[in-house]
Structures are given as C-alpha cells and as structure tokens.
Amino acid sequence: MALSWNEIKDRALQFTVEWEGESRERAEKDTFWNEFLNVFGISRRRVATFEKAVQKLNNQQGFIDLFWKGTLLVEHKSLGKDLDAAYEQATDYFYGLEEYEIPQYILVSDFANFRLYDLDTNQVQEFPISEFHKNIKLFGFIAGFQKRTFEEENPVNIHAAELLGKFHDQLEESGYRGHPLEVYLVRILFCLFADDTGIFEKDTFKELIEIKTNVDGSDLGALLAHFFQVLNTPKENRLTNLDEHVAAFLYVNGKLFEEALPIAAFNSNMREILLECCGLDWGLISPAIFGSMFQSVMNPEERRNLGAHYTSETNILKLIKPLFLDDLWKTFHKVRDNKKQLLDFHESLSRLKFLDPACGCGNFLVVTYRELRILELAIIKVILFKYQRLREEVASEAALDISHLVKINVDQFYGIEYDEFPVRIAEVAMWLMDHQMNLQISEVFGTYFARLPLTKSATIIHDNALRRNWEDVIPKNELSFILGNPPFCGKQYQSKEQKEDMSLVFKGVNGSGVLDYVSAWYLMAAKLIRDTTIKVAFVSTNSIAQGEQTGILWNELFNNYGIKIHFAHRTFKWSNEARGVAAVYVVIIGFSNNDVRNKYIFEYEDVKGEPHEIKVKNINPYLVEGKDVVILKRRTPICNVSEISFGNMPNDGGFLLLTDKDKKELLENEPDAQKVIKPLLSANEVLNSIPRWCIWLDGVAPKDIRRLKEISKRIQKVKETRLNSSREATRRLADFPTLFGEIRQPQSDFVFVPLTTSENRQYIPLSFFDKTNIPNNTASVIPDATLYEFGVMHSLMHMSWVKYTCGRLKGDFRYSNEIVYNNFPWPINPSVKNREQVEVKAQKVLDARAQYPDSSLADLYDPLTMPPKLTRAHQELDRAVDLCYRPQAFTNEMARIEFLFGLYEEYMN
C-alpha cells in the first residue's frame, strides 16, 4: 500500500534528524540510500540497483551508486567533495545505458547536501540535508504524487504516441489485427499510465517485463495474457500459488481486462519497444490530449501529421467555460461563506450529467471531468480549512473512508461515438483522469486515495449518433449539458451514408441538401432539449453561421424548436502547434430552448489570437448582436437597384478557352479565327492582369464556322466531352457544341464581381467592363450598374455585410448573388447631394487605380502594397457612403453590421 504524504513527511523528518546527528565520516552509502528510499516506502530490492556497472564513453567501466531505471540516478561523494564533478560523472554513465533506462532525475549528495536535477525541465534544486523534510515534495516522483501541468503540445505526448505507433505496427505485422489489437493497445496504455501514477506501485509493470520475461520476448505474450487475467480477478478469487510479483497487483475491474484476447507473439524488438514505452514518464501525459493522438497511431496516413487530430485543451475550455464552468465558479464564490449553501452546491455538482454525442476519444468529457474535480477540490478545501466543526466531522469519517468526500464521478458522463476504437480510449481516458484527480485529493488529505477496483465508468456508446435515440443513452430529464465537436463535412465531401444521415435528420426541411454534416447535431440536440433547461454548445465549421446554410438551419431551429443562442465565439482558427496541422476556421455556439438575460459574444480581432468578450442583449445566427433574423436566398434585390447575374459557364472541357500562347498558335494556323476570339474574364486572371481568351460563336453564321477548320476541330472535341459526361444535363448540351454551356452575356457595360477573393483584402476589387468582354462563371456581373452602385459596393458598409453573410472557402470570401447582393440593405432614399458625392468619390477610386497601369488589382489591393492615393480615395468613398446611411459616423465594423441587420429588418417588414 502506498504511503500517504503525512507518513512520508514524518519519515522525512526522522531521516533528517538521524542523519544530521550521524558522523558522516563513518557513514555508509548503502545504509544512507536504503533509508532514503524507505522514506517513500520504496524497496531498494524492487526498484534500485546499487553499484551498477556500466561502460562509460571513454570505454572504462564505472559504477553507478544507486540506479532506478528511467527514473533516478544517484552519484554520492564524500563530505565536502565537488558536486559539479559528481553531476558530470553521473551524465558520463548515460553512454552505457539503453535509451529507456536514461533517468529523468539525477541526485548528487555529499552527506551534507542534496542537489536534484530534473532533466526534463532543466531545473536544479539544492539544499542541505537538514532541510530535506522541507523539500520533500521535490521527490514526489518517487512516490507517484507529483503534480503535473499539461501543455497543449507537450513533446512527451507526441513521443509517447510515436512509440505506441511502433508497437502497434510490430503487433500488426505479426498478424495481430482488428478488434483484438485495439483492445490490447488500450490495455497497454492503461498499464503504462498506472505504472507512473500510483495505480500500480511505481515501475512494477516495467519490472515485471524486465525481470520475468526473456530478452528475446518469446514468453512476453503469454505473461501479459496471464497478467491481464490477474488484473481482472478479485484478490480473494485468485490462485494461491501465483507469482508474488504478479499477485501484488490490485484488482482493476471496470471490464477493461474482462474480454479474452488471443495471445500475442513477441520478439526481442517488440519487447525493447515496450520497455522503451515503460521508460517514459506517463505521469506527464494528459489523457485529454493523448487519446486522440493515440487513435492517430492506428492510421499511418494520420500518423504523418501526428498531433493534428486532437482538440487542444485551450479550445475545449473556450466551450465549457461559458457553457457552465464560469457560472459554477461564480456560484462557488457566492456560497463559500454559507456552510449549508456550500454543501448543497457540492451535492448539486454530483447530479450534473453531460453528453458528448460525437465524443471521439473523449477529449471534451475528460477535460470537463477534470475541471469539475478541480472545482470540487476547492469546495473540499473550504470545508476542511474554513469550517472547523465540519472539518472534525469529516476527519472522523475520513479516517475510515474518504471516498464519500469526492462526490463527482465518471458515471456522470455519457458519449456516443461512431468508431469502436475511440470508444475504448474514451472509457480508459476517463479512468486515467479520475486517477490524476484522486492524486490531487490525496495531497489535500495526506492519505492515498484511489478508486480501485473500478466500479463506475463513463457510458460511451458505439453507434451512429444520428441514427440513435439520444434518450436511450441518457433520459433528457437527467441530462444537464450537451457538448462536443461533431464532425465537419461539406455537402460535396459527404459519403453516401452521411448523405442518408442528413436526409433522415432533416426530413421535410427545404434546402437542407446544402448543409454541412455538423448541422445534423444541432437539429438532433434541438429536438431533444425542447421543453427542458438543457444547455448545448458545439464547435462547428463557420459555414453554419454565414452564407446560405445559416438561413436554412437557423430558420428551422428558431421557428420550430424555439432555440436561443446564449454565447458564441466568432470565427477563429482552430489549430495547434503540432507539425503538419491543418488550419480550420470554426465557431463555437452555445444555445438552449430558453432565454437568458446575459449573452456573450467572443470577438477575435485576429483569428489566430485571443478573443475579447462582449456582453449583448441578443445574438442572431450570424453571431452579431441583433434580433433572430435569418437571411434566405432570393432571386431579386430587396432594394431598387440593378440586378446581378452569374457569368457565362463554358462547360466545354477547355476547348473553347485560350491562353495567349494558344491564341497565337491558333491564329498562325487560322488567321480568320480572329473575328470569333474575344477577351475572357475570369476572377483570377482579372485580379492578376493575366489575359485570357475564348472562342465566342454566339450569333456567328454556320457557314462562317464551317470555314474555320481549326475551330471546327475544337467544336468536335467539345461535343465529345459533353457526350462522355456522367451528367445528363451536360450530355444534352452536346447538341449545342458551338456555345458555352450557359450563356448570360451582358448586352451593356457591367460591373465585374469576382466570386472568390482573399479575406486579407479590405475590399473586393470590382471593375467596369464593356460588353465585348466575356465574363465566365467565376464571377458575377451587374449590367447597367451605375457609378453610385459601384461606389456603395466598394465601401466598408458593403464589405461588413459580405463578411457576415457570405460563405467561405478556406477563409476566403465566397460572394453570393442570392444571399449577399439580393439581401443587401442599400441606403433608404439618400439625398441627391449624398448620391453625387458617392459617385465623385467612386470615380476618384478609379482614377487612383489608373495611375498604376502596370499593377494588377491583386497588387493594388494587397494590404501591404496598396498605394496611399488609392487608400485615401477609398477612405473618402467610405465616408461618403456612410453619410448615405446616416449622419453619425460608424466607429467600427460591429456598429456597421448591427446597423445593417436593423435596416434589413426594416426592408423585410
């Protein structure tokens, strides 16, 4: 049985007193270090080697005074000797050690002083032996009590996952595959963690492998199979003649070791990898992070980007803090001075229940559990140190069993996950986090506390959450919160099964075919929480809060389920520092079936930075303060302005399109083709001043086309391409091979609007063209657009609307005719003077551009290279447009967008 901190402190004080009075000249090293280990209840014979012989770098043999593989190396000198030299001598021994044997700590001493080196953190602590008992916590790693802080991308997490990846590969290559392999790896993970955190006595699992198995690994598989069976057997039911090393392990239960698995076959390399895994300090590893990384080792493709597939703890906290954690802490501080209210509050925490319906490896559940246990620990500390009478009652009961003080347990947590392997990881990760928090409780009470055997577990269901009744997992009258990070998957990337899921969930909802897969979790949650106080928060792709999807999804949630948004993180970059990580732009939305007074928007000035909090009265689905309005597709503008349309779509296989080089070669062979070649306008080429051309045969007489032999060859290829298409509509176009697939050619001058443009530009670069230019389908056109309309569209007012209502492609703006332009609220009846000012300033923008004929629009509108003259011209235009809306200045973008949504409501009422 592990010693409590109080017992360790008492032994440390006794050691200090004894060795302070001892004649150091006559002291024996062996006795000294035996008694040192005894302070922590550690047997020298079990973990340490005295006078271990090793080969040093100079090929001479050396002897380590005390060695605990992977943990501690001690170099002891006579009284008054140089401790720096002792440290150098200690590091010289590393040459003769296996990698997994290299210790985390070096301790040097001369009977009068201790100097402790932490090789992971590069920290050094030195003090006289007379102060040993005061510094005992520095040696918590020996007893498994050490506190840990978790970095988002702790290299230990990655190294551990990489090692397990090697171990996985070796097992798989030996023929150990599928479900047995997944369960086997999860069991190994539990044992590695248990070996360093006090579930097992420290390093007993590593010692079992080292001492009880052959170097060639031939008997390791059988030993582990036997070992797993023992862990699943209560002590009273075990064989009486078990090996004492194996028999010393506690009964684990929890069904983790219940299933009978095939016996794995090991070799020397596999044994060495497993020992290397044992050599890591698994107490440093966060169950919240490691689970997803561990899952990625199963997939070689994912392993190349190891670390890219987990959700960082910082990002998880962005969701759980406003969902419930901030309120719980506020309540704690409010009731901490009232004993009855504090105890009632503590009891209420044990009744909270959480569901993650897309839980993966359990990241959100694990971090949520940890944060609740941290809050509970704060409550217990108040009970122990503030209310003396209550402390005496608790202390009396705790002498028998302290478990009743810890009311929060893993069985308050529920999850649904599509893949089986993450389900197993999530279950174990919850137990591992439970144990880490129990170690913290142990420190507070001064007694060792562990929940073994495992009697309670999180309920993690292996199923498709979109086809499972969530109330089968947990009744909604027991549920408190729903949270998580459901999968993002745009309509074009959804599998056949996922499309079927969407059809089932959104049956009868018009336009739902364009929705992202994540939106199905919103509707499932909305159905469940109707007429309850359950609160929900999901991380989601930002597409559900902008563009076409917003109106479709939130119109359903608002009108049929009475959903109210309580808080929202606006778009930010969901990423971490792991190598190969892909950037994803996300939002976090918290909602419920009832309203609350205080709502919060978390705004990001830099999508890669930290947010600032804004208190608001209401949050609309575009994550802006305003009424619950949704913007739906419409064919015509809500205001009396010029209409917009898409450009022409070739659908020609590229045979009607020409580069400069193609045009030159064609005209060399067929000069008469010049009369059917026209400038082609596509977004990229217009923005970058790259000339493109097309063969435009609309209105050309058949006899003239037949004379053009090279053109006729291209027409034939267009016909063949269309006939070979899998789309019936495209095959029908084969009857019209001389024409673009869709023709929407303006019959007058027009404004050219690129449909996709970089989010880094302050304005979408618009241009005027005449009708001899052929715009393609990468742009929209506004025929007969006035200079006034051009000016308003080129203003910050229009850009604010674009940012909040358009779709995105990897963060870039995706302009929409039917969502953005046709719903844009233009100024109501601006004065003639104000309209004229917009026209004057718009012309000034065009004049400023014209001063740089050799610069492309991409050059002119790059934030770093935009000419000052053009910048000033746009600023003047912005002020002129603002005055068309109202005389008061708009102080920031938020003021603009809130005004525009209010104006939109006016137009729609």
Side-chain angles (χ1 to χ4, degrees), residues 160 163-164 167-168 170-172 174-214 217-267 270-278 280 282 287 290-291 294 297-298 420-421 423-432 434-435 450-457 460:
L163 277 179
L164 277 175
F167 185 63
H168 159 271
Q170 292 281 313
L171 280 170
E172 193 172 49
S174 73
Y176 208 91
R177 298 188 178 94
H179 172 78
L181 173 58
E182 295 174 355
V183 176
Y184 204 89
L185 285 173
V186 172
R187 289 180 180 179
I188 292 294
L189 169 63
F190 178 86
C191 293
L192 292 169
F193 191 94
D195 216 29
D196 282 326
T197 59
I199 297 176
F200 300 160
E201 280 197 60
K202 186 165 177 61
D203 287 342
T204 48
F205 178 63
K206 179 171 73 172
E207 184 184 349
L208 177 71
I209 298 168
E210 282 183 323
I211 297 175
K212 299 294 182 178
T213 64
N214 297 327
S218 58
D219 57 349
L220 178 53
L223 176 81
L224 288 176
H226 175 58
F227 176 63
F228 295 158
Q229 186 182 60
V230 170
L231 293 179
N232 192 55
T233 307
K235 285 214 166 190
E236 63 272 17
N237 295 338
R238 292 178 182 176
L239 298 175
T240 57
N241 58 346
L242 279 178
D243 179 281
E244 62 177 12
H245 197 127
V246 175
F249 286 88
L250 296 176
Y251 171 45
V252 174
N253 194 20
K255 297 187 177 180
L256 177 58
F257 296 97
E258 183 177 76
E259 181 180 353
L261 297 178
I263 297 175
F266 282 74
N267 56 31
M270 295 165 73
R271 180 181 182 272
E272 195 67 24
I273 292 172
L274 185 53
L275 282 173
E276 195 175 347
C277 288
C278 292
L280 290 176
W282 291 77
F290 186 75
F294 184 36
V297 308
M298 303 294 289
E420 181 187 4
F421 188 44
V423 170
R424 304 284 84 84
I425 296 175
E427 291 169 344
V428 172
M430 289 295 288
W431 282 324
L432 301 185
D434 179 64
H435 185 69
R451 284 170 166 157
L452 282 179
L454 302 172
T455 57
K456 295 183 178 180
S457 63
I460 312 295

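No hydrogens, no waters, no symmetry mates; every other heavy atom, side chains included, goes into these values.
Checked against side-chain hydrogen bond (donor to acceptor under 3.5 Å, both in side chains), Glu258 has no partners two or more places apart in sequence or in another chain. With sequence neighbours excluded, the residues satisfying side-chain hydrogen bond (donor to acceptor under 3.5 Å, both in side chains) with Lys212 are Asp243. Taking the side-chain hydrogen bond (donor to acceptor under 3.5 Å, both in side chains) definition, one finds that Glu210 meets it with Lys69, sequence neighbours left out. Checked against ring-ring contact (aromatic ring centres under 6.0 Å, His included), Tyr176 has the following partners two or more places apart in sequence or in another chain: Tyr184. Residues passing the side chain to side chain contact (heavy atoms under 4.5 Å, CB included) test with Ser218 are Asn214, Asp216, sequence neighbours excluded. Qualifying side-chain hydrogen bond (donor to acceptor under 3.5 Å, both in side chains) partners for His179, counting only residues two or more places apart in sequence or in other chains: Glu259, Glu420.
Between Cys278 atom SG and Leu208 atom CG the span is 9.5 Å, to the nearest 0.5 Å. Note that CG of Leu192 is 10.0 Å distant from CG of Leu185, once rounded to the nearest 0.5 Å. Considering CG of Leu220 and CZ of Arg271, their distance stands at 7.5 Å, rounded to 0.5 Å. His435 contributes atom NE2, which lies 8.5 Å from atom CZ of Phe190 (distance to the nearest 0.5 angstrom). Ile263 contributes atom CD1, which lies 11.5 Å from atom NE2 of His226 (distance to the nearest 0.5 angstrom). To the nearest 0.5 Å, the span separating CZ on Phe193 from CD1 on Ile188 amounts to 15.5 Å.
Of the charged side-chain nitrogens involved, at least one lies within less than 4.0 Å of a carboxylate oxygen, so that Asp196 and Lys202 count as a salt-bridged pair.
Minimum interatomic distance between Ala247 and Leu242 (heavy atoms only, all atoms of both residues): CB-CB, 4.0 Å.
Side chains of Ile209 and Phe227 form no contact here, defined as non-hydrogen atoms less than 4.5 Å apart. With contacts defined as side-chain heavy-atom distances shorter than 4.5 Å, the pair Leu231/Arg187 does not qualify. Phe257 is not listed as a side-chain neighbour of Thr233, based on a closest heavy-atom distance of 4.5 Å or more. Contact annotation: the side chain of Trp431 approaches that of Leu256 to within less than 4.5 Å [non-hydrogen atoms, C-beta and beyond]. Contact annotation: the side chain of Gln170 approaches that of Ile273 to within less than 4.5 Å [non-hydrogen atoms, C-beta and beyond]. Counting heavy atoms from C-beta on, the side chains of Arg238 and Tyr251 come closer than 4.5 Å. The shortest side-chain heavy-atom distance between Thr213 and Phe266 does not fall under the 4.5 Å cut-off.
Formation of a donor-acceptor pair under 3.5 Å by the Trp282 side chain with backbone atoms of Cys191 is not found in this model. Remark: the backbone N or O of Thr204 is paired with a side-chain donor or acceptor of His245 at under 3.5 angstrom.
Using bins of under 30°, 30° to 60° and over 60° for the plane-to-plane angle, the ring pair Phe200/Phe205 lands in the tilted bin.
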Begin with the C-alpha distance, continue with both residues' side-chain angles, and end with the deciding distance and a verdict on side chain to side chain contact (heavy atoms under 4.5 Å, CB included) for Lys235 and Leu250. CA-CA 7 Å; Lys235 285 214 166 190; Leu250 296 176; 4.2 Å; yes
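Annotation for Glu276: atom CD counts as buried by contact number, over 12 foreign heavy atoms lying within 6.0 Å.
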